[in-house]
Amino acid sequence: MKSRFFLASALLLAGCQITENSQQETVATNQESAGTTQNNKNEVPGNTPASATATLAPAAEQLIPPPAPVISPQEQDDVWQRIALQLQLDTPNNKQINYYRNWYLKHPGHLTIVASRAEPFLYHITEAVEKRGMPLELALLPIVESSFDQFAYSHGRAAGLWQIIPGTGRQFGLEQNWWYDGRRDVVQSTEAALDLLAYLNRRFDGNWLHALAAYNTGEGRVFRAIRANKKAGKPTDFWSLDLPRETSGYVPKLLAVADIIKNQRKYGVDVPFIANEPAVQTVDPKTQMDLAMAAKYAGLSLSELKALNPAYNQWATAPDNQTHLLLPADKVDTFNQAFENSGRQGMKVIRYQIQTGDSLSVLAKKHHTTVDLIQRANKISGSGIRAGKHILIPVALNGENAFPSLTSQVRSQAKHGGGYRTIYKVESGDSLWTIAKKQNVSIKELMKWNGLKKSATLRVGQKLNVWKTSKNGGVIRTVYYEVRSGDNLSVIADKFKVKLADVIKWNQLNNQKYLKPGQKLKLYVDVTKVSV
């Protein structure tokens, strides 16, 4: 019985001790966590009231930080980051990708230029790719295709951001006529390019690398390369195919760009910020509109309007169908209000009294318009007109060609790459004044282009830079054309809508009778004249 009594007493004392120790540990833990509770001087450690312990517990819970909110790609501030978070294609570690990645990293200025050009359009392109559930690498494809130059034009006659050739453009619904080239319409060409890429992806059973290669070189050539590898018992992945040199570098270049966009911090690159919000918006007045008039309504310069609407070849939108305009989002209301206030006037029309010898073609040429426009304005279908009668003639708002003065145009072209540089060799008796007059430029421009002072002495044989532009306000791009078997100078000049004499002069071919296949020719092409 005593043993039972002693055992019970021992258990009771042990229980008290355990409780006391437990209370001491709880207080100590809470005091360390809260860091602000002070012990009452009269309290004995280990005897803290339960209510005090209960008060301290929530303070410890409050120290646990709430989970950080997850920001979706669409909620990012920077559209580059929106793209980076959705890149899907693998980036293998191989020599080709490393080469192009290193090139971009060594030329960060190139990505800065690209970002500047992409700013009005990248959000729209990203949205279009997302809506189709395609890899966001495709939103970066214009970097590889055209460096986001909306007026880009290639030796293969590919045009626009997506570098679409004429036949493919028509196949995918892009109209090309005297007024308009849908391959340079940013909105329309984006849909056409994505339609083509979706088609190619289906043709290659969901293999995006094969589809991208086919976008560059044609599906037939990629299929032939795949069949050849199968026949030889070789792998048929993109990296194993025997493709043209340009195509073999095309896909690695895109993957290298995507890798840099995704890992800017890792590579120490800072691609200029582009806001993840609509920069432009489409409006459609449903009438043919003088571009200078549209620019005036929107509060833009003509060059700003044309940069957003590179598809229009002439001084106005097209008579039918293609009457839409891309405007900065913050200028749409301004445009709509001014357009309504003008009575929805889209063209400037003059009332002309027909003179003896006039014809519709003569009047169209004289006023820089078309016979079709004059017929439409006067609701006539034939070509007969009578002297003494009056006729309405739609004309450009800014006079001769609706484009800025030559001086400002040259400055703009030189700044933005819309012109081309030629070399003038100083002759005996030349001065800045005589050279400026010969080249139809100003003395101030000559001085600026060549870093000369007005008092500079010229030497015979000295070479001076002279920037040239299209006289009708077109957009000039340099094209390097590789001569093919059967080519001759006349055929090449006709294909690119340039003068034969200019081709000879640009390439110093005066004493060269024959062209050789593979020979490279430099051409200065007005991209607004090669749509048809």
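Source: prediction; values computed, not measured.
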Taking C-beta and beyond as the side chain, do [X] and [Y] meet within less than 4.5 Å on heavy atoms?
{"X": "Asp494", "Y": "Leu500", "value": "no"}
{"X": "Tyr297", "Y": "Asn336", "value": "no"}
{"X": "Val466", "Y": "Leu446", "value": "yes"}
{"X": "Thr369", "Y": "Trp315", "value": "yes"}
{"X": "Lys497", "Y": "Asp526", "value": "no"}
{"X": "Val114", "Y": "Tyr104", "value": "no"}
{"X": "Leu174", "Y": "Asp185", "value": "no"}
{"X": "Thr91", "Y": "Arg101", "value": "yes"}

Keeping the roles fixed (side chain from [X], backbone from [Y]), state whether a donor-acceptor pair exists under 3.5 Å.
{"X": "His210", "Y": "Asp205", "value": "no"}
{"X": "Glu219", "Y": "Arg203", "value": "no"}
{"X": "Ser146", "Y": "Leu161", "value": "yes"}
{"X": "Ser154", "Y": "Gly156", "value": "yes"}
{"X": "Glu137", "Y": "Leu255", "value": "no"}
{"X": "Arg157", "Y": "Pro166", "value": "no"}
{"X": "Asn276", "Y": "Gln76", "value": "yes"}
{"X": "Arg82", "Y": "Thr126", "value": "no"}
{"X": "Asn102", "Y": "Asn98", "value": "yes"}
{"X": "Thr317", "Y": "Met289", "value": "yes"}

For [X] and [Y], which heavy atoms make the closest approach, and how far apart are they?
{"X": "Gly182", "Y": "Ser189", "value": "O-CB, 3.7 Å"}
{"X": "Ala159", "Y": "Arg184", "value": "CB-CG, 4.3 Å"}
{"X": "Tyr480", "Y": "Lys522", "value": "OH-CE, 3.4 Å"}
{"X": "Trp80", "Y": "Pro272", "value": "NE1-O, 2.9 Å"}
{"X": "Arg117", "Y": "Asp149", "value": "NH1-CB, 3.9 Å"}
{"X": "Ala292", "Y": "Asp290", "value": "N-OD1, 2.7 Å"}

Interatomic spacing from [atom1] in [X] to [atom2] in [Y] - rounded to 0.5 Å:
{"X": "Asn177", "Y": "Gln314", "atom1": "CG", "atom2": "CD", "answer": "9.5 Å"}
{"X": "Asp259", "Y": "Asn93", "atom1": "CG", "atom2": "CG", "answer": "10.0 Å"}
{"X": "Gln519", "Y": "Glu482", "atom1": "CD", "atom2": "CD", "answer": "10.0 Å"}
{"X": "Arg224", "Y": "Ile226", "atom1": "CZ", "atom2": "CD1", "answer": "11.5 Å"}
{"X": "Leu360", "Y": "Lys365", "atom1": "CG", "atom2": "NZ", "answer": "15.0 Å"}
{"X": "Leu141", "Y": "Tyr215", "atom1": "CG", "atom2": "OH", "answer": "6.0 Å"}

Evaluate Leu325 against Leu291 for side-chain contact (heavy atoms from CB on, under 4.5 Å), listing each step before the verdict. CA-CA 9 Å; Leu325 290 166; Leu291 293 179; 4.0 Å; yes
The criterion is side-chain hydrogen bond (donor to acceptor under 3.5 Å, both in side chains); which residues satisfy it with Asp487, sequence neighbours excluded? Tyr481
Mind running side-chain contact (heavy atoms from CB on, under 4.5 Å) on Leu373 and Met347 for me, showing each step along the way? CA-CA 11 Å; Leu373 268 182; Met347 305 279 284; 4.1 Å; yes
Are there over 12 heavy-atom neighbours, none belonging to [X], within less than 6.0 Å of that residue's [atom1]?
{"X": "Glu246", "atom1": "CD", "result": "no"}
{"X": "Asp330", "atom1": "CG", "result": "yes"}
{"X": "Tyr99", "atom1": "OH", "result": "no"}
{"X": "Arg132", "atom1": "CZ", "result": "yes"}
{"X": "Lys495", "atom1": "NZ", "result": "yes"}

Tell me yes or no: between the side chains of Glu130 and Gln74, is some donor less than 3.5 Å from an acceptor?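 Short answer, yes.
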Testing the 3.5 Å rule here: is there a donor-acceptor pair between the side chains of Glu145 and Tyr250? yes
Derivation of the side-chain contact (heavy atoms from CB on, under 4.5 Å) call for Trp178 and Asn313: CA-CA 7 Å; Trp178 191 78; Asn313 296 324; 6.0 Å; no
Look at the rings of Phe223 and Phe204 and say which category their plane angle falls in: under 30° parallel, 30 to 60° tilted, over 60° perpendicular. parallel
Would Phe496 and Leu521 satisfy side-chain contact (heavy atoms from CB on, under 4.5 Å), going step by step from the backbone distance to the final call? CA-CA 12 Å; Phe496 291 98; Leu521 296 179; over 6 Å; no
